[in-house]
Amino acid sequence: MGRVAYVNGAFVPHANATVHIEDRGYQFADAVYEVWALFDGKLADAEGHFARLERSLSELSIPMPMSRAALTLVLKAAVRRNRVREGLVYLQVSRGVATRDHAFPTKPVRPAVVITVKGFDRAASEAKAARGVGVVTTPENRWGRCDIKTVGLLPNALAKQKAREAGAAEAWFVDDLGFVTEGASSNAWIVDANGSLRTRDTNANILRGITRDTLLDVIRDAGLTVNERPFTPDEAVAAKEAFITGAGTLVQPVIAVDGRVVGDGAPGPVAMRLRSLYIERAKALAI
Ligand code: PMP
């Protein structure tokens, strides 16, 4: 028998083992994993890995997919079926499969479970230990590349869930200096007290929104003033208007930040005008 994988309750040939395309692990990195070394077919240092798994899941509000005892049985069955004595067993638990939406599924879904087992050349590992290895250094940038539209969206998904639980539609990330960077899935804007538009500059660690870029052109063409510089949540509350932009929301007026009313608590004229100007421009640029 060749390699087998465990996928959501069934053992399947490794080559045919698949997860659903809307698995949140695949879509958002909304998943956790553990790896145990196998010594003579046994899960090494077992307790520590189970404890960390439970902690990681709990931090993400993902339930244990089954009891620890049941999971142990499944992991051991996977090891046995792969006839591996020295190697690694990999476990991944994702929040599950749901129609793509950053926030958690509103109807609870079952966590998705994948287990794979891989043989390991213990002698080679010992030889390497005897030789020693080199390392290189690299800047600590996990995850400092928000400019890349990657599916590593777990922080965005958690932020969006926080917004939903607060009865809000979007979460704005605030940096160490207290300035808004962008939304969980949108760019953030205000119309400041002077009537100038303001949005975060793209030297900051943000996604260069296409809607943001095109709206900058629209704003300049309309003869309005815009400054690409940061603002704080307090400045947003003190602003005349606030709004967010993105392909999903287009130009969406924001009427409250952390429950504090922006402007007069209603969509403002600038945001509404920019919304219609943007839609016009986006249609003109449609193919
Ligand atoms: N920031 C983030 C983090 C996003 O996910 C999005 C939506 N893709 C945006 C900004 C807005 O980008 P765009 O206007 O290209 O949709």
Side-chain angles (χ1 to χ4, degrees), residues 21-31 60 95 98-105 141-164 166 168-177 179-191 197-222 224 226-233 236 241-254 257-258 267 270-287:
I21 56 166
E22 285 200 313
D23 186 290
R24 288 181 60 92
Y26 178 69
Q27 297 272 2
F28 294 111
D30 189 3
L60 296 185
R95 192 177 307 282
T99 304
R100 190 178 183 280
D101 181 9
H102 282 59
F104 302 168
N141 67 346
R142 297 172 294 167
W143 177 235
R145 293 301 307 275
C146 300
D147 56 311
I148 303 170
K149 201 164 167 61
T150 159
V151 298
L153 287 172
L154 178 60
N156 308 57
L158 296 178
K160 194 73 105 179
Q161 179 65 17
K162 180 177 174 183
R164 177 181 284 169
E170 178 60 301
W172 280 355
F173 291 110
V174 178
D175 68 15
D176 287 346
L177 298 174
F179 292 107
V180 173
T181 50
E182 63 178 324
S185 65
S186 61
N187 290 108
W189 302 70
I190 57 170
V191 181
L197 286 140
R198 215 192 296 180
T199 192
R200 191 75 198 245
D201 59 278
T202 51
N203 294 323
N205 185 24
I206 65 168
L207 188 74
R208 285 102 168 111
I210 304 303
T211 315
R212 175 190 179 284
D213 247 14
T214 300
L215 192 66
L216 285 170
D217 291 341
V218 166
I219 288 166
R220 289 174 184 130
D221 291 350
L224 301 171
V226 58
N227 298 307
E228 291 183 64
R229 65 187 181 85
F231 57 86
T232 64
E241 299 182 31
F243 59 92
I244 54 176
T245 57
T249 46
L250 306 172
V251 176
Q252 169 64 55
V254 167
V257 176
D258 289 332
V270 176
M272 292 311 283
R273 174 162 175 239
L274 290 179
R275 181 178 174 88
S276 67
L277 288 176
Y278 173 74
I279 291 172
E280 213 175 282
R281 179 71 59 98
K283 285 181 176 168
L285 294 171
I287 56 168

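Remember, predicted model here, so these are calculated numbers, not experimental data. Atoms within a ligand are numbered from 1 in the order they appear, just like the ligands themselves. Side chains are part of it too, since the values below use all heavy atoms of this structure and drop only hydrogens, waters and symmetry mates.
Taking the salt bridge (charged side-chain N to carboxylate O under 4.0 Å, His left out) definition, one finds that D201 meets it with nothing, sequence neighbours left out.
For the pair R164 and F104, the cation does not sit on the ring face, since its NZ or CZ is not both under 6.0 Å from the ring centre and inside 45° of the axis.
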For residues 276-287, please give each side-chain donor-acceptor pair under 3.5 Å, one per line with the distance, not counting sequence neighbours.
{"from": "S276", "atom 1": "OG", "to": "R273", "atom 2": "O", "distance (Å)": "3.1"}
{"from": "R281", "atom 1": "NH1", "to": "D221", "atom 2": "OD2", "distance (Å)": "3.4"}
{"from": "R281", "atom 1": "NH2", "to": "D221", "atom 2": "OD2", "distance (Å)": "2.7"}

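Nearest heavy-atom pair, L153 versus A29, reported as atom, atom and distance to 0.1 Å: N-CB, 4.5 Å.
A donor-acceptor distance shorter than 3.5 angstrom exists from the side chain of E170 to the backbone of S185, with no hydrogens or angles considered.
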For ligand 1, which of its N or O atoms have a protein N or O partner closer than 3.5 Å, and how long is each gap?
{"from": "ligand 1", "atom 1": "1 (N)", "to": "E182", "atom 2": "OE1", "distance (Å)": "2.6"}
{"from": "ligand 1", "atom 1": "8 (N)", "to": "K149", "atom 2": "NZ", "distance (Å)": "2.4"}
{"from": "ligand 1", "atom 1": "14 (O)", "to": "I210", "atom 2": "N", "distance (Å)": "3.3"}
{"from": "ligand 1", "atom 1": "14 (O)", "to": "T211", "atom 2": "N", "distance (Å)": "2.9"}
{"from": "ligand 1", "atom 1": "14 (O)", "to": "T211", "atom 2": "OG1", "distance (Å)": "2.6"}
{"from": "ligand 1", "atom 1": "15 (O)", "to": "I210", "atom 2": "N", "distance (Å)": "2.8"}
{"from": "ligand 1", "atom 1": "16 (O)", "to": "A247", "atom 2": "N", "distance (Å)": "2.8"}

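A salt bridge (Lys or Arg N to Asp or Glu O under 4.0 Å) check over residues 205-217, counting only residues at least two apart or in different chains, returns the pairs R212-E228.
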